[in-house]
Engineer: 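I am attaching a structure below and will ask some questions about it afterwards.
Treat the numbers as computed from the prediction; the structure is a model and nothing was measured.
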Amino acid sequence: MQHTTLFPRFQQFPALAAETAVSSPSLAAAGLPRWDLSALYVSMDDPALTRDLAEAEKNAKAFAARYQGKLAGLSGAALAAAIAENEAIDEILGKAGSYASLLFAANSSDPAISRFSQSINERLTDISGDLLFFTLEINRIDDAALDEKLKDPALAHWAPFLRDTRLFRPHQLSDDVEKVLLEKSVTGAQSWCRLFDETIAALRVPLDGQSVTVGEALNRLSDTDRSVRERAGKAVGAVFADNIRLFALITNTLAKDKAVTDGLRHFARPTSSRNLSNMVEDEVVDALVSAVRADYPRLAHRYYSLKAQWMGLDKLEHWDRNAPLPGTEDRKIPWDEAKQIVQKAYTDFDPRMGKVINTFLTNPWIDVPPAPGKSPGAFAHPTVPSAHPFILLNYHGRTRDVMTLAHELGHGVHQVLAAKQGYFLSNTPLTLAETASVFGEMLTFQSLLDAEQDPARKRTLLAGKVEDMLNTVVRQIAFYEFETRVHDARKQGELLPEQIGAIWQQVQTESLGPAFNFTPDYDVFWAYIPHFIHSPFYVYAYAFGDCLVNALYGVYSDGAPGFADKYIAMLEAGGTLRHKELLAPFGLDASDPQFWRKGLDVISGFIDQLEQV
């Protein structure tokens with residue numbers, strides 16, 4: 001439903017960034033920049049935060065007193081004014097929620113920050129209770145009556161907001177039930193998510209005489225030394241196994257919680273609510289998943305068989321999946337060089353994009369180094385239009401980390417350009433939110449590839465890109481399959497950790513293919529994926545975005561006139577247009593079954609080149 005979101009509105013994570021980067025503790029200690037959140041608030045006890053929450057609480061109560069039970073009788077202009085007023089209150093809540101979420105992401109092991117984050121979430125939930133009636137009441141307005149109101153230009157501005165809100169009409173419950181669900185969320189699903197985050201942040205992996213974080217240990221799965229990778233893989237597996245009952249309890253509870261809510265709302269299947277919020281039809285997602293699964297042999301199976309040959313192995317182990325290829329140069333890329341690489345790629349595409357990128361790279365908007373208690377991986381958080389986005393990285397100095405920077409800056413550009421639509425209309429469905437990020441990765445990759453003269457290095461870059469695309473497409477669809485099977489199996493009762501592990505093993509074998517020998521210790525590696533906890537069925541958005549961008553980049557490479565102008569206009573549209581309308585200027589249609597094949601053909605073409613090498 002269109003309730004105030006207490007978690008980041010579209011927090012983005014690249015495909016397993018924490019799993020694909022290489023560890024470099026020296027970089028973390030080299031004075032890499034941390035973000036400055038003062039554009040939101042200067043501290044947890046900032047008087048401005050206290051004033052904002054008090055003002056939001058007062059305004060929310062006044063708003064409810066003025067409008068509750070009266071929306072159907074408002075004129076178009078009056079309803080438009082009410083939406084604008086609701087947006088203003090909601091943006092204050094979004095600003096406070098963003099600050100608390102970002103503090104927690106940067107250091108979830110600090111008890112004071114954890115307490116603050118929970119307190120803010122509880123306060124926001126309380127205030128949101130007074131606003132809850134608004135979208136529920138909008139959805140009860142008769143279609144004909146609303147169409148008449150929309151003739152007023154003031155309300156016509158809010159047509160996309162009304163369109164997206166009313167999508168949920170068939171799944172809306174009574175006001176009393178909706179309020180109970182909202183108020184119980186802070187002690188329900190949100191608490192289990194918090195438990196997961198704090199558990200992952202607190203875990204330490206004994207490895208080579210050190211006690212390291214999960215993120216640090218996972219980074220060593222990309223080490224050039226196979227023995228280091230093996231020790232890391234086994235050590236991580238052992239720590240996950242020691243905690244697997246807790247992770248299974250969290251997974252079981254959240255799956256059951258979702259099933260209860262989905263049942264109340266009459267969603268056809270576990271993924272339907274995600275598809276609806278993404279403004280994409282179930283059939284379009286089914287077509288994507290079917291196309292990728294059918295191409296497992298042509299893509300992942302074929303590539304990893306090649307990789308096993310290059311590495312001189314009969315079988316790959318799970319700790320070899322992200323291993324550097326033999327002869328790969330073990331060069332760390334300094335942060336300043338990474339910034340230059342990405343800045344150039346975006347600027348060469350369009351100077352307007354480069355200008356936005358520069359604002360991120362020259363201001364304290366990016367939290368760069370790995371740190372204890374920090375969330376693994378990476379994301380871009382839009383916060384609110386009255387401030388600016390923030391980006392979290394765990395930069396270790398490898399090419400993949402440069403690609404992660406390009407990915408998150410793509411989100412950042414999208415968020416900055418869409419901000420002109422305002423708080424309600426700037427929010428982009430996840431399927432389209434990944435477009436700018438993956439396109440930015442492709443721009444950066446092509447820039448590096450074009451500049452590289454050494455044939456061996458070109459092969460390394462090409463193989464790295466293929467692996468990133470497999471992680472983004474094949475692996476994420478396998479994750480989607482894992483979630484689907486877990487949620488379906490949970491309907492029959494609580495799942496034992498061994499049952500969840502068996503499902504994980506099955507989907508990994510299907511997707512990655514016969515080149516791998518999966519040892520039993522890999523059965524627990526489902527446990528740390530944050531998407532399964534925070535955003536069920538989020539993961540297919542990565543594959544959607546990658547295949548969409550491959551098709552989009554093909555249009556760009558063919559020299560389509562006015563491409564940059566159309567692309568920027570697409571990003572500026574935010575959430576005002578659907579995927580069909582946004583892709584139409586490029587001659588693309590995601591509902592066409594052949595659309596996904598075009599995107600997958602790009603990955604296959606890169607593998608063709610590697611086979612020839």
Engineer: Given 3.5 Å as the limit, does a donor-acceptor pair link the side chain of Gln415 with the main chain of Pro389, or not?
Structural biologist: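 Not confirmed, Gln415 side chain does not pair with Pro389 backbone.
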Engineer: Side chains of Gln609 and Arg459: do they bring a donor and an acceptor to under 3.5 Å?
Structural biologist: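 Judged by distance alone, the side chains do not pair up.
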Engineer: Stepwise, does the salt bridge (charged side-chain N to carboxylate O under 4.0 Å, His left out) test hold for Arg298 with Asp601?
Structural biologist: CA-CA 10 Å; Arg298 187 168 73 118; Asp601 283 348; 2.8 Å; yes
Engineer: For the aromatic rings, using the six-membered ring if either is Trp, is the centroid distance between Phe482 and Phe532 under 6.0 Å?
Structural biologist: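 Yes, the ring centres sit under 6.0 Å apart.
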Engineer: Give a yes or no on this: more than 12 heavy atoms of other residues, nucleotides or ligands lie within 6.0 Å of atom NZ of Lys458.
Structural biologist: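 Yes, NZ of Lys458 has more than 12 neighbouring heavy atoms, counting only those of other groups under 6.0 Å.
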Engineer: Quick one: does Asp592's side chain have a donor or acceptor within less than 3.5 Å of a partner on Gln594's backbone?
Structural biologist: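 Judged by distance alone, yes, a pair lies under 3.5 Å.
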Engineer: Please confirm whether the ring centroid of Phe439 lies under 6.0 Å from the ring centroid of Tyr567.
Structural biologist: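 Yes; Tyr567 has its ring centre under 6.0 Å from that of Phe439.
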Engineer: Do Lys234 and Thr519 meet the criterion of a side-chain donor-acceptor pair at a distance under 3.5 Å?
Structural biologist: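 The criterion, which ignores hydrogens and geometry beyond distance, is not satisfied for Thr519 and Lys234.
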Engineer: Is it the case that the side chains of Glu434 and Tyr538 hold a donor-acceptor pair, with the cut-off being a distance below 3.5 Å and no angle test?
Structural biologist: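 Yes, a side-chain donor-acceptor pair sits under 3.5 Å.
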Engineer: Are there over 12 heavy-atom neighbours, none belonging to Lys344, within less than 6.0 Å of that residue's NZ?
Structural biologist: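 Count not over threshold, so no.
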Engineer: Please report whether the ring centroid of His531 lies less than 6.0 Å from that of Phe479.
Structural biologist: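 Ring centres of His531 and Phe479 not closer than 6.0 Å.
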Engineer: Cut-off 3.5 Å, side chains only: do Tyr522 and Glu317 have a donor facing an acceptor?
Structural biologist: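 Judged by distance alone, the side chains do not pair up.
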Engineer: Between Asp367 and Lys374, does at least one N-O distance fall below 4.0 Å, as a salt bridge requires?
Structural biologist: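 Answer for the salt bridge query: yes.
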Engineer: Flag the pair Asn322 / Arg400 as yes when at least one side-chain heavy-atom distance between them is below 4.5 Å, and no otherwise.
Structural biologist: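 In contact.
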Engineer: Honestly, is Arg220 close enough over Trp319, meaning NZ or CZ under 6.0 Å from the six-membered ring centre and within 45° of the axis?
Structural biologist: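 Here Arg220 fails the 6.0 Å and 45° test against Trp319.
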